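Just so you know, residue 1 is the first one in the sequence shown, and it goes up from there. All values derive from a computational prediction rather than experimental measurement.
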Amino acid sequence: MASTEVNTNLTPASANEPELHLLLAPDTFEPLWKSLFRGLDEFFFPKKLPPLKLESKPIPVKDIWGFYNYKKNGALGSTVAHVIVIALIIYGTILGRRLVTKVEAKPQVETKLIDPGDFIPLKPAKTQAGGGGGGGDNDVFKASQGHLPKFSLKPQLAPPSAVIRNMNPKLPVEPTVIVPPDIKVTAMNNMPNLGDPKSSAVIPSNGTGSLSGIGSGSGGGVGPGNGRGVGPGEEAGMGGGVFRIGKGVTPPRVIYQTDPEFSEEARKAKYQGTCVLGLIVDANGRPTAIRVINALGMGLDEKAIESVKNWKFEPGKKDGHDVSVEIAVEVDFHLY
C-alpha cells in the first residue's frame with residue numbers, strides 16, 4: 001500500500017487551518033496547462049470509438065393504458081360517489097337544525113307584577129272626579145285609539161291593555177280603571193278594542209308610557225297622567241288633572257311650615273323682600289312642582305324653595321274628596 005509523507009513542520013499560525021490537499025497523492029491534481037492542451041486536442045482531433053453493440057432485446061408487455069375505462073365506468077363511479085357525499089351533507093344539515101330546534105327552550109312570556117300601592121277610595125260623582133291616570137309599555141308607537149275599560153272604585157286587579165302580551169293568563173280578570181262608575185263617557189264606545197279615546201293612532205299599541213296601562217303616562221291607567229285613572233292628573237279618577245281654586249274646589253291649608261334661612265350674600269347686603277312661589281299641593285298634602293313666580297335674587301329664591309319643600313298642607317277638596325290644587329305662596333325675608 002502506497003503511503004505519502006505529511007509535512008508536520010507547520011507554523012503555529014497555520015497549524016489551526018485544515019489543509020485537505022496534504023491528504024491526497026501529489027499526482028491527483030492535473031496542471032492547468034495540461035488540461036487545456038488535452039481539451040484542445042480532443043476537440044480538433046477526436047478519437048474514433050468502436051461501434052456500439054446492442055446486446056438487450058425488447059420484451060412485449062401487457063397494455064395497461066385504458067385499463068380503468070375512465071370514460072365510462074370511472075366517470076360513473078366518480079359521479080355516484082359525489083352524489084352520495086352531497087346527500088350526506090344535506091341530510092346532516094337538516095338533522096342538525098332539527099336537533100337545535102328541539103334543544104332551544106320555548107320562549108316564556110314574562111309578566112311583570114305591578115304593586116298597586118295604597119288604595120285611594122273615591123266617592124261616586126257625576127262630574128269629574130279629579131286626579132287622572134296613564135300608562136304604557138315603553139312601545140315606540142303612541143297609544144292606539146279605542147274605548148275606555150270598565151270604571152270601578154274597587155282596587156285594580158288588571159290594568160287595561162290595547163295589545164295583550166300574555167294570551168293565556170292563569171287568572172283572567174276584566175281590566176278596569178279607578179274611576180267613579182257614575183261618570184258617563186260616550187266617546188269611542190263603539191270601538192271594538194281598548195285604547196285611548198283621545199288618540200288618533202290606528203296601529204295597535206299600548207303607548208310610550210310605562211308601568212302597564214295605555215298611554216304616554218305611567219301607573220296602570222289610560223292617558224298621559226300618572227295613576228290608575230283616566231286622563232291628565234295623578235292617583236285615580238277621571239281627567240281632572242290639577243284643579244284651581246273656585247267652582248267647588250276648596251284651597252289647601254298650611255298646617256306646618258318652616259321659616260326660610262337667609263343666604264350669606266343677602267345677609268351681608270342686608271337685603272330683604274318677598275318671594276312668590278307657585279306649586280301644586282297633591283291629594284296627600286305634599287307640595288310638588290315648585291317654581292319661582294316673583295324672584296328676589298341673591299340666593300333667596302333657592303332658600304325659599306328649600307323651605308317650602310318641608311311644608312305640609314291639608315289638601316284641597318272637590319266633590320267631597322281630596323284633589324290636587326295649584327296655588328301660589330309668599331315667602332317673606334325680613335331682618336329684625
Side-chain angles (χ1 to χ4, degrees), residues 107-242 283 321 323-324:
Q108 298 180 354
V109 178
E110 181 180 356
T111 303
K112 295 182 179 180
L113 299 178
I114 306 299
D115 182 8
D118 297 331
F119 172 60
I120 304 172
L122 294 178
K123 295 181 180 180
K126 296 182 180 181
T127 61
Q128 289 182 332
D137 61 0
N138 300 302
D139 202 341
V140 295
F141 299 104
K142 67 178 184 179
S144 54
Q145 191 180 66
H147 71 273
L148 293 173
K150 179 182 177 181
F151 292 174
S152 175
L153 290 178
K154 296 180 180 180
Q156 185 188 58
L157 297 179
S161 179
V163 179
I164 300 176
R165 304 297 183 186
N166 185 5
M167 301 301 296
N168 298 306
K170 293 183 178 180
L171 182 62
V173 178
E174 182 181 7
T176 61
V177 286
I178 301 180
V179 176
D182 291 344
I183 294 180
K184 305 299 180 182
V185 177
T186 59
M188 299 298 169
N189 280 345
N190 58 341
M191 297 290 287
N193 300 321
L194 294 178
D196 186 354
K198 294 186 177 181
S199 176
S200 59
V202 295
I203 300 177
S205 171
N206 290 327
T208 58
S210 60
L211 299 178
S212 73
I214 303 172
S216 57
S218 64
V222 177
N226 180 16
R228 289 156 286 166
V230 176
E234 298 181 353
E235 305 289 352
M238 181 67 183
V242 178
H321 58 269
V323 295
S324 298

Original post:
Which atoms form the tightest heavy-atom contact between R228 and G219, and what is the distance?
Top reply: CG-O, 3.2 Å
Subject >> Sub-4.5 Å side-chain heavy-atom contact between K150 and P160 >> reply: no
**OP:** Report yes if some heavy atom in the side chain of V140 is under 4.5 Å from a heavy atom in the side chain of T208; otherwise report no.
**Re:** no
**OP:** Measure across V179 and F151 and return the closest heavy-atom pair with its distance rounded to 0.1 Å.
**Re:** O-CB, 3.4 Å
Subject >> Atom of S218, atom of N226 and distance for their closest heavy-atom approach >> reply: OG-OD1, 3.0 Å
Subject >> Main-chain N/O of Q145 paired to D196 side chain as donor or acceptor, under 3.5 Å >> reply: no
**OP:** Calculate, to the nearest 0.5 Å, the distance between atoms CG and CD1 belonging to D139 and I214 respectively.
**Re:** 12.0 Å
Original post:
Donor-acceptor pair, Q156 side chain versus G220 backbone, under 3.5 Å?
Top reply: yes
Original post:
Looking at L194 and P175, what are the two nearest heavy atoms and their distance?
Top reply: CD1-CG, 3.8 Å
Original post:
When you measure from the side chain of S144 to the backbone N and O of V202, does any donor-acceptor pair fall under 3.5 Å?
Top reply: no
**OP:** Mind checking the CE-CG spacing from M191 to L148? Nearest 0.5 Å is all I need.
**Re:** 11.5 Å
Original post:
So, for P149 and V177, which heavy atoms are closest and what is the spacing to 0.1 Å?
Top reply: CG-CG1, 3.7 Å
Subject >> T176 backbone acceptor or donor facing S152 side chain under 3.5 Å >> reply: no
**OP:** Might you work through the side-chain contact (heavy atoms from CB on, under 4.5 Å) test for S216 and K142, ending with a clear yes or no?
**Re:** CA-CA 7 Å; S216 57; K142 67 178 184 179; over 6 Å; no
**OP:** Assess the side chains of N138 and S210: does a donor N or O sit below 3.5 Å from an acceptor N or O?
**Re:** no
**OP:** State whether the side chain of H147 and the backbone N or O of G195 hold a donor-acceptor pair below 3.5 Å, judged by distance alone.
**Re:** no
**OP:** Kindly give the heavy-atom pair with the smallest separation between V163 and N206, and that separation in Å.
**Re:** N-OD1, 2.9 Å
